Amino acid sequence: MDKIKIKDLEVYANHGLFKEEKFLGQKFLISVEADLSFRDCALEKDLDKSIDYGKLSHEIYELFKGDEDLIETLAYKLTKYIFDNYEIVKKLDIEIKKPWAPINLPLDTASVKCIKKRRNYYIGIGTNMGDREEYINRAIDAMKSSGLKILEEAPIIETKAWGKTDQADFLNTVVKVNSFEDPIDLLHILQKIEIDLDRVRHEKWGPRTIDLDILLIDREIIFEDELIVPHPFLHEREFVLNSLNELIPNYFHPIIGRKISDLYEDIKK
């Protein structure tokens with residue numbers, strides 16, 4: 001992967017936790033390393049197919065001169081700005097140094113670093129309460145409002161309940177989402193959307209206004225207390241495989257090692 005670097009862009013601003021920092025201001029050094037491909041730019045000599053690092057430097061400078069913030073907040077804001085405005089960027093490493101940090105100890109500098117990359121997430125959506133289609137639409141709108149980019153949507157299908165079958169039928173779909181948010185952070189975003197859309201967890205696999213599940217994340221395998229990816233029941237749920245088959249029939253399940261289309265055909269038999 002090619003890289004573009006901006007190193008130690010110097011900005012004087014009034015960011016920090018303490019009132020003296022907000023009043024007196026101090027020096028900050030901002031470094032950005034962006035992973036991208038500039039092959040097309042190099043061959044076609046077209047800067048629009050890369051990043052004008054001069055323009056980006058001025059944009060970072062102006063953003064950093066804005067409202068007073070913690071540098072952690074600024075690192076996240078700069079990350080979001082670059083990913084939102086430069087689709088060519090695949091991975092981003094941002095460091096903000098405070099050479100004059102009020103620590104009263106001998107050190108060169110204190111800094112924060114934010115490292116993010118673009119990922120494709122496949123999110124399962126299900127609902128069997130109230131205006132089901134409206135809940136799906138509201139969930140998708142909430143994802144967009146949270147900064148997630150919806151790339152594709154499978155058709156909405158109606159299915160019988162899975163796991164706990166004595167309840168109303170579900171409407172289900174799967175959406176492909178692109179985001180720089182880390183998997184656990186994206187999980188928390190989805191959980192907040194569920195709460196905002198009146199999701200109440202009375203019983204396992206019970207009725208719900210909305211259910212948002214992370215099914216797949218590119219080729220990643222995650223096994224943590226909060227999150228397991230691929231979703232552990234993905235290959236057992238026909239309604240999930242149906243929707244995934246609409247979007248990625250040739251995708252190989254990274255653990256089972258079989259195509260989604262094959263898993264779907266097997267479960268239909």
Side-chain angles (χ1 to χ4, degrees), residues 76 79-80 83-84 116-218 220-248 251 253 260:
Y76 182 86
T79 297
K80 185 176 188 312
F83 275 122
D84 285 348
K116 301 288 185 183
K117 68 175 184 179
R118 292 191 192 273
R119 290 178 170 91
N120 290 318
Y121 291 85
Y122 293 86
I123 311 298
I125 306 177
T127 170
N128 74 334
M129 294 177 66
D131 187 335
R132 298 175 299 168
E133 191 165 351
E134 176 65 14
Y135 272 118
I136 289 176
N137 291 333
R138 288 173 63 189
I140 292 173
D141 287 342
M143 282 189 257
K144 292 177 182 176
S145 297
S146 300
L148 311 183
K149 184 176 181 180
I150 308 295
L151 300 180
E152 293 183 80
E153 301 177 31
I156 295 173
I157 57 175
E158 186 168 32
T159 65
K160 298 294 182 183
W162 186 94
K164 186 179 185 302
T165 58
D166 58 336
Q167 56 181 305
D169 292 348
F170 278 77
L171 288 186
N172 290 287
T173 187
V174 171
V175 296
K176 179 181 179 181
V177 170
N178 186 265
S179 176
F180 69 84
E181 299 286 2
D182 293 331
I184 294 297
D185 292 330
L186 188 128
L187 174 65
H188 295 163
I189 290 170
L190 298 180
Q191 289 173 338
K192 183 180 185 305
I193 292 172
E194 289 180 333
I195 292 170
D196 291 344
L197 294 181
D198 308 318
R199 169 74 184 267
V200 179
R201 299 177 186 273
H202 289 302
E203 56 183 327
K204 186 175 182 179
W205 296 329
R208 67 215 79 163
T209 57
I210 201 71
D211 187 25
L212 303 174
D213 288 330
I214 299 176
L215 304 172
L216 296 165
I217 308 172
D218 288 328
E220 294 188 37
I221 297 173
I222 299 172
F223 196 88
E224 299 185 9
D225 290 342
E226 276 193 271
L227 180 64
I228 298 174
V229 177
H231 191 286
F233 298 112
L234 181 155
H235 61 291
E236 299 179 17
R237 295 176 172 176
E238 182 177 347
F239 64 91
V240 170
L241 291 170
N242 185 330
S243 295
L244 285 173
N245 191 55
E246 292 284 338
L247 301 179
I248 46 170
Y251 175 94
H253 191 295
I260 292 295

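Predicted model only: the values in this text are computed from it and were never measured.
Considering only residues two or more places apart in sequence or on other chains, Lys117 meets the side-chain hydrogen bond (donor to acceptor under 3.5 Å, both in side chains) condition with none of them. Asp196 meets the side-chain hydrogen bond (donor to acceptor under 3.5 Å, both in side chains) test with Lys192; sequence neighbours excluded. Checked against salt bridge (Lys or Arg N to Asp or Glu O under 4.0 Å), Arg132 has the following partners two or more places apart in sequence or in another chain: Glu158. By the side-chain hydrogen bond (donor to acceptor under 3.5 Å, both in side chains) test, Arg138 pairs with no residue at all, sequence neighbours left out. Residues passing the salt bridge (Lys or Arg N to Asp or Glu O under 4.0 Å) test with Asp141, sequence neighbours excluded: none. Residues satisfying the side-chain hydrogen bond (donor to acceptor under 3.5 Å, both in side chains) test with Lys144, not counting sequence neighbours, are none.
Rounded to the nearest 0.5 Å, atoms CD1 (Ile214) and CG (Leu234) are 13.0 Å apart. The structure places CD1 of Ile125 at 13.5 Å from CZ of Phe170, a figure rounded to the nearest 0.5 Å. We find the OH-CD1 distance between Tyr122 and Ile217 to be 11.5 Å, quoted to the nearest 0.5 Å. Atom CG of Asp218 sits about 12.0 Å away from atom CZ of Arg118, to the nearest 0.5 Å.
Listed here is the closest heavy atom pair of Ala161 and Ala168: CB-O, 4.2 Å. When all heavy atoms of Ile222 and Leu227 are compared, the pair lying nearest together is CG2-O, 3.6 Å. Ala154 and Thr173 get closest at one heavy-atom pair: O-OG1, 2.6 Å. Closest approach of Leu212 to Ala139, counting heavy atoms only: CD2-CB, 4.2 Å.
Looking at Leu216 and Ile248, their side chains come closer than 4.5 Å, going by heavy atoms from C-beta outward. No side-chain heavy atom of Glu153 sits under 4.5 Å from any side-chain heavy atom of Ile136.
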Under 3.5 Å, which donor-acceptor pairs do the side chains of residues 238-247 form with other protein atoms, sequence neighbours left out?
| unit_1 | atom_1 | unit_2 | atom_2 | d |
| --- | --- | --- | --- | --- |
| Asn242 | ND2 | Tyr264 | OH | 3.3 |
| Ser243 | OG | Phe239 | O | 3.4 |

Considering only distance and modelled atom types, tabulate donor-acceptor pairs under 3.5 Å from the side chains of residues 177-189, sequence neighbours left out.
| unit_1 | atom_1 | unit_2 | atom_2 | d |
| --- | --- | --- | --- | --- |
| Asn178 | ND2 | Arg119 | O | 3.3 |
| Asn178 | ND2 | Asn120 | OD1 | 3.0 |
| Ser179 | OG | Glu181 | N | 2.9 |
| Glu181 | OE2 | Tyr76 | OH | 2.4 |
| Asp182 | OD1 | Arg119 | NH1 | 3.4 |
| Asp182 | OD2 | Lys116 | NZ | 3.0 |
| His188 | NE2 | Glu226 | OE2 | 2.7 |

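The only member of Asn128, Thr127, Thr159 that meets side-chain hydrogen bond (donor to acceptor under 3.5 Å, both in side chains) when paired with Asn172 is Thr159. Results of the side-chain contact (heavy atoms from CB on, under 4.5 Å) test with Ile123 over Ile140, Leu190, Val174 single out Leu190 as the only residue that passes.
Within 6.0 Å of the CD atom in Glu152, the count of heavy atoms belonging to other residues, nucleotides or ligands exceeds 12.
With hydrogens and angles ignored, the 3.5 Å screen pairs no side-chain donor or acceptor of Tyr135 with any backbone N or O of Gly126. In this structure, the side chain of Arg208 does not engage the main chain of Glu194 through any donor-acceptor pair within 3.5 Å.
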**Study point:** Worked verdict on Arg237 versus Asp213 for side-chain contact (heavy atoms from CB on, under 4.5 Å)
**Key:** CA-CA 13 Å; Arg237 295 176 172 176; Asp213 288 330; 4.0 Å; yes

